[in-house]
Amino acid sequence: MKKWILSLSLAAGVVGLAGCSDDGGGSKDIVAKTDAGNVTKEQLYEAMKDKYGEQALQQLVFEKVLSDKYKVTDKEVDEKVKNIKEQLGPNFEQALQQYGYKNEDDLRETFKIGIMQEKAAIKDVKVSDAELKKAYEDYKPEIKARHILVKDEKTAKEVKAKLDKGAKFEDLAKEYSTDPGSKDKGGDLGWFGAGKMDPAFEKAAYNLKVNEISEPVKSQFGYHIIQVTDKKEKKSFADMKKQLEHDVKVSKLDQNKIQEAMKREIKGSDLKIEDKDLKTTFDQLLNAPAADSSASTGK
């Protein structure tokens with residue numbers, strides 16, 4: 001993920017400069033002026049190309065080649081962004097800056113290419129009926145919950161005692177909770193599935209009945225008082241089979257399988273690099289030894 005973020009940010013910068021350097025002003029377009037001399041757009045573009053050109057070109061070619069064969073919907077990207085926002089919480093904006101993004105649109109572009117790579121790679125992955133049935137048995141439907149997060153067990157017990165006496169959950173969440181993302185919403189966390197929350201929190205939440213309130217639950221974030229407010233029904237195996245197949249295939253992906261998929265796609269794209277300075281950009285990928293044959297079977 002970090003690699004994609006960096007690569008796409010650099011790609012956007014290099015391509016933007018390339019466009020600017022050919023807007024009618026030629027190589028004399030000035031980016032910066034000093035008493036010692038000026039820096040032109042062409043000079044800046046060439047400097048960026050020398051340092052980041054191969055990395056940026058690779059990502060741009062991947063996007064061109066993959067988008068011609070694999071379509072990504074806004075809904076698919078929205079889901080990825082939603083998940084990362086839930087994971088990062090109030091640190092989301094800070095994380096964007098840390099990884100070189102200027103805004104959420106840059107992140108969405110990263111996810112778009114990542115999803116296309118995923119779709120290309122799972123074409124070679126096979127899943128057995130036994131694996132699908134096991135995935136169905138292990139699947140946990142989404143639940144909806146709210147919580148009150150506090151720093152210590154003593155405070156958590158005080159909150160629980162007040163709830164037992166009839167205090168409103170949402171009122172105590174606003175008063176006590178240290179979770180900035182949910183306290184002003186009465187502690188509401190919305191819908192979530194398995195693997196989305198802290199393991200201790202998730203285990204406790206899934207063991208609750210609808211409207212049941214937990215005892216204090218310790219996690220890496222502090223102590224939680226949890227209430228499950230709704231649960232989704234588990235669909236039939238037939239209804240879930242397609243989604244389960246996709247999820248199991250994705251779970252089998254690793255860098256070798258993705259590399260093999262990109263190698264296949266690039267070889268089939270009739271790629272020709274016209275810039276002599278970037279001729280070797282794809283040599284490492286195209287000349288890499290083939291991954292073990294078990295990569296396509298999942299064995």
Side-chain angles (χ1 to χ4, degrees), residues 1 75 78-99 104 107 111 133-237 239-240 243-244 247-248 250-251:
M1 180 58 62
K75 183 178 179 181
D78 290 342
E79 186 64 25
K80 294 286 187 183
V81 174
K82 177 185 174 184
N83 288 341
I84 200 70
K85 282 185 173 180
E86 289 175 351
Q87 292 174 33
L88 295 173
N91 298 318
F92 176 71
E93 294 295 336
Q94 181 181 344
L96 288 184
Q97 295 177 10
Q98 180 182 346
Y99 294 135
E104 188 177 311
L107 178 67
F111 281 134
K133 290 177 181 178
K134 178 67 165 56
Y136 180 72
E137 291 172 3
D138 294 342
Y139 177 79
K140 293 180 180 179
E142 286 188 329
I143 61 176
K144 188 177 184 182
R146 56 185 180 177
H147 78 145
I148 300 170
L149 175 64
V150 296
K151 292 182 179 180
D152 56 79
E153 187 176 15
K154 180 182 177 181
T155 307
K157 288 181 176 179
E158 290 177 4
V159 172
K160 182 62 166 61
K162 290 185 177 183
L163 288 169
D164 291 342
K165 292 179 180 179
K168 290 185 177 180
F169 197 100
E170 54 270 32
D171 292 341
L172 293 181
K174 292 177 182 178
E175 181 180 352
Y176 285 94
S177 186
T178 60
D179 177 8
S182 69
K183 66 175 297 179
D184 292 334
K185 297 184 290 185
D188 184 29
L189 296 167
W191 291 95
F192 59 88
K196 301 297 184 182
M197 298 293 184
D198 174 273
F201 179 97
E202 180 182 304
K203 181 179 179 181
Y206 268 99
N207 284 332
L208 294 172
K209 298 176 182 178
V210 174
N211 294 324
E212 184 181 1
I213 297 175
S214 75
E215 295 297 324
V217 176
K218 185 179 180 180
S219 80
Q220 60 179 312
F221 302 106
Y223 288 82
H224 308 258
I225 302 296
I226 308 166
Q227 183 181 39
V228 171
T229 57
D230 203 354
K231 290 187 176 184
K232 291 185 179 180
E233 293 293 326
K234 191 171 184 176
K235 297 179 182 178
S236 69
F237 177 75
D239 288 338
M240 292 187 63
Q243 182 61 46
L244 288 171
D247 292 345
V248 173
V250 169
S251 72

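Bear in mind the structure is a predicted one, so any value in this text is a computation, not a measurement.
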Looking only at non-hydrogen atoms, find the nearest pair between Asp198 and Ala200 and report the distance. OD1-N, 2.9 Å

Hey, does Ile84 have a side-chain heavy atom less than 4.5 Å from the side chain of Leu107? yes

Could you give all pairs that pass the salt bridge (charged side-chain N to carboxylate O under 4.0 Å, His left out) test and reach residues 133-144, with sequence neighbours left out? Lys134-Asp138, Glu142-Lys232

Would you give the length of the straight line joining atom CG of Asn83 to atom CG of Asp78, rounded to the nearest 0.5 angstrom? 11.0 Å

Can you find a pair of side-chain heavy atoms, one from Asp179 and one from Leu189, that are under 4.5 Å apart? yes

Could you note down all residue pairs passing salt bridge (charged side-chain N to carboxylate O under 4.0 Å, His left out) where residues 158-171 supplies at least one of them, sequence neighbours left out? Arg146-Glu170, Lys160-Asp164, Lys160-Glu215

Nearest heavy atoms of Asp188 and Ser182, plus distance in Å: O-CB, 3.5 Å

Residue pair Asn207 / Lys203: nearest heavy atoms and the distance that separates them: ND2-O, 3.1 Å

Please check if atom NZ in Lys234 has more than 12 non-hydrogen atoms from other residues, nucleotides or ligands closer than 6.0 Å. yes

From CG (Leu208) to CD (Gln227), nearest 0.5 Å: 9.0 Å

Under the side-chain hydrogen bond (donor to acceptor under 3.5 Å, both in side chains) test, residues paired with Asp247 that sit two or more places apart: Gln243

Heavy-atom pair of closest approach, residues Tyr206 and Pro141: OH-O, 2.8 Å

Close side-chain approach of Ser177 and Val150, heavy atoms under 4.5 Å: no

Quick check: does any side chain N or O of Glu202 sit under 3.5 Å from a backbone N or O of Gly195, one acting as donor and the other as acceptor? yes

Indicate whether the side chain of His224 and that of Ser219 have a donor and an acceptor atom separated by less than 3.5 Å. yes

Distance from Asn211 atom CG to Thr229 atom OG1, nearest 0.5 Å? 7.5 Å

Looking only at heavy atoms, the pair that brings Ala156 and Ile225 closest together is O-CD1, 3.6 Å

Minimal heavy-atom distance between Ile226 and Ala204, with the atoms involved, is CD1-CB, 4.1 Å

Contact between Pro216 and Lys157 at the side-chain level, heavy atoms closer than 4.5 Å - yes or no? yes

Verdict with supporting geometry, Phe221 and Thr178, side chain to side chain contact (heavy atoms under 4.5 Å, CB included): CA-CA 10 Å; Phe221 302 106; Thr178 60; over 6 Å; no

Rounded to the nearest 0.5 Å, how far apart are CD of Gln97 and CZ of Phe92? 11.0 Å

Mark yes when over 12 heavy atoms from residues, nucleotides or ligands other than Lys231 sit less than 6.0 Å from its NZ; otherwise mark no. yes

Side-chain heavy atoms of Tyr223 within contact of Leu149, under 4.5 Å: no

Close side-chain approach of Asp230 to Trp191, heavy-atom, < 4.5 Å: yes

Just how far is it from atom NE2 of His147 to atom NZ of Lys183, taken to the nearest 0.5 Å? 11.0 Å

Separation between CZ (Phe237) and OH (Tyr139), nearest 0.5 Å, reads 14.0 Å

Hey, does the side chain of Asp152 reach the backbone of Thr155 with a donor-acceptor pair shorter than 3.5 angstrom? yes

